[in-house]
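Report on the following structure.
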Amino acid sequence: MRSGAVDSGQGPVTPMTRIFKGDEGLTLVVLSLLIFVLFIVPLSLLAVVALGDGPGPIWEALDSRSVPRALWTRWKALCFLPCSP
Amino acid sequence: MDSLESALLSSVLALMLGTATALIIGLSDVRMKGAYTFLLLIPMMIPPHVTAIAWIQALGPSSALLQSIGLAPDVGSTHPLYSREGIVLLLGIQHAPLVFLVVLAALRSLPREMSDAALVSGARPARLLRTIILPLLAPTLIAGYALAFVSALGNFGIPALLGIPVRYTTLPVLIWQRLASFGPSVLTDMAVIASLVAVIAVFAVIVQLWLSSRRRNALIGLPQPPLDISLGRARPWVEAGLMSIILATLVLPLSALFATALVPTYGVPLTLETATFENFAEILFRQSVTLRAFWNSTLVAGGAAAIIAMLAIFVARYAAARNRHMRRIGGAMTALAEMTYAIPGLVISVAFILAFINPLPLLGISVYNTLAIIFLAYLCAFFSIALKPVNAAFLQLDPALDEAARVAGAKFFRRMMTITVPLVAPAAASGAILVFLTAYNEVTVSALLWSSGNETIGTTIFNYEDGGYTTLASAMAAVTVVATVFLMAALDRLSRHAPPGVVPWRI
């Protein structure tokens, strides 16, 4: 039996509202927030700082320079020069 | 360049060693396959810095083991492992079990029709291997190589202990050195190097996943028992070869580690007169740093293992949900966790420094320089380890049970607590033990995040070795090795009540 039968009498249910309904939906929201804070925020910050001139907003980091060029310049400066005899 | 060189070369060694042992265990009639598999996988579960310390003590001029049998190199001679070749050798040995597992799993699912036809036609085992099995395994071998490459690229313990003395600097070591150098651009420098490592690692993992999916497409028919080629008179020799590999890669370094832990000073030969348990007494009862490290690691690794197991049940539940949208969100979380697992621990720790260097917004609490940041980084770095077995358990779960309870009016949490959690508990417990095993004595994640008062076992062993307190480092490493083997044995027993695939070595 589909879940719609249990939900009958609670008005029209669209796919999106069904996701975030009840305990199951609330748990999914909490879990998504947790995953966002634990995974997405730190790794996004890492990318932003690596591409920018220091810890700052993303629009400052992703300025006029193209991303590959900025990465290459920094990588060359950091990895090649100190390692050369 | 040193990173790429050591990762590329050591992966070749890991591929050769891992494939050879997997072919012997997976295709032949050698005895005690379970015991061999367990012993071959122990090097993978021992943290890399402990492996490095054990090997340094096994082959150096001050080796207590070699001195006691009169085979130690002359005092003052160069240690053979402090070199590019030494790093490649140890990285290869450390990651060979990864290739072993991947190839063994592939052998279990290889279609047997062609092999059977070849054997009936009179093909010798060598020809069967060359013309049928190895070509079929080709995508798996490349995937195994990619896995070993990613692991070697992110390895910190081995290149740090063997490479720094000879200025062989890999990217994880460079990140660690940059943090120690301070200066205004330290965070940006670390972020750039960390991003570079992450990009290479993620690319290699994408290649590996793509090749794994190609391997699955090649399967036809139902799973069949693996080949069991009779080795005949060669069997004792092959078994002796396997035993030699175990002796060389496991028994030799661990014997050296225990020998060093039992002498009063590094360089003293181990004899009945010199043997002492003073180092163990020192680290277990007297040194406040080691006691604190044992407590901190138990607390953080135990807490992370419990929370990860709980979260993994919910994520796997959503990934297996009947609702298409929920399944997609659960699947995205799983993919994110898998991708993060490929990113080296040191990169994760840099990301967490950047995220939590300032106090938390609204709350005003700072987690930087506390155990909490190590705990949070563990949640991110090791989530995938527990998620895999729980996902495997959910695949075997009949959704009709949950549906029936839902129709009967049971709410979400009641269904979870009375139906889902009891059924996936063995898999979740196995996942939790695997997380604990990995986090308990790791150094890669905590190397940049520890602070005074918040030491972990891994950082304390590393600092003791780095500071010249070799006997104390050995004693502490020996305790963690015993704990690791004990936990692996417990996990092995627990896995008998869980579905196949829950524990890596029970394929």
Side-chain angles (χ1 to χ4, degrees), chain A residues 1-7 13-56 61 67-68 70-85, chain B residues 1-3 167 169 171 174 177-178 184-185 187-196 198-199 311 314-315 317-318 321-326 329-330 332-333 336-337 339-340 343 347-348 350-358 376-377 379-380 383 403-404 406-407 409 411-416:
Chain A
M1 185 182 282
R2 303 285 302 172
S3 59
V6 178
D7 294 330
V13 178
T14 64
M16 283 313 285
T17 53
R18 193 184 291 145
I19 298 176
F20 301 112
K21 233 164 98 340
D23 291 342
E24 194 171 3
L26 192 66
T27 310
L28 183 59
V29 172
V30 173
L31 203 57
S32 303
L33 279 174
L34 206 61
I35 296 286
F36 180 77
V37 171
L38 280 178
F39 289 79
I40 296 173
V41 169
L43 294 173
S44 307
L45 264 173
L46 180 72
V48 168
V49 175
L51 296 174
D53 290 329
V67 170
L71 254 186
W72 169 246
T73 312
R74 293 226 161 150
W75 182 60
K76 202 168 58 172
L78 279 168
C79 300
F80 275 143
L81 298 182
C83 297
S84 56
Chain B
M1 285 303 115
D2 289 345
S3 265
R167 293 173 181 254
T169 314
L171 289 175
L174 191 62
Q177 287 176 332
R178 287 277 156 180
S185 65
L187 281 177
T188 322
D189 290 356
M190 282 200 311
V192 172
I193 307 167
S195 304
L196 192 75
V199 167
L311 290 176
F314 282 95
V315 171
R317 160 76 176 71
Y318 286 114
R322 298 192 79 148
N323 182 307
R324 190 160 48 97
H325 300 285
M326 283 188 176
I329 296 175
M333 289 178 188
L336 189 64
M339 206 52 94
T340 310
I343 297 173
V347 178
I348 304 263
V350 174
F352 271 77
I353 289 173
L354 294 170
F356 294 104
I357 197 164
N358 292 322
L376 292 173
L379 293 185
C380 177
F383 190 65
E403 286 291 315
R406 185 204 293 259
V407 170
K411 296 276 187 194
F412 175 67
F413 281 110
R414 178 138 193 221
R415 294 201 309 273
M416 285 294 289

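Quick note on labels: first sequence line is chain A, next is B, and so on, each numbered from 1.
If you tally non-hydrogen atom pairs under 4.5 Å between each of B:Val315, B:Ile343, B:Ile353 and chain A, the highest count goes to B:Val315. Looking only at heavy-atom pairs under 4.5 Å with chain A, the residue among B:Leu336, B:Val350, B:Leu379 that has the most is B:Leu336.
Only the side chain of B:Arg415 comes within less than 4.5 Å of a heavy atom of chain A; its backbone N, CA, C and O stay farther away. Contacts of B:Arg317 with chain A are made by side-chain atoms alone, with heavy-atom separations under 4.5 Å and no backbone atom involved.
Taking the side chain to side chain contact (heavy atoms under 4.5 Å, CB included) definition, one finds that A:Thr27 meets it with B:Phe314, B:Tyr318, B:Phe412, B:Phe413, sequence neighbours left out. A search for ring pair (Phe, Tyr, Trp, His ring centres under 6.0 Å) contacts involving B:Phe356 returns B:Phe352, not counting sequence neighbours.
The minimum heavy-atom distance between B:Thr340 and B:Ile348, with the atom names listed, is CG2-CD1, 3.4 Å. Considering every non-hydrogen atom in both B:Ala321 and B:Met326, the closest pair reads CB-CB, 4.0 Å.
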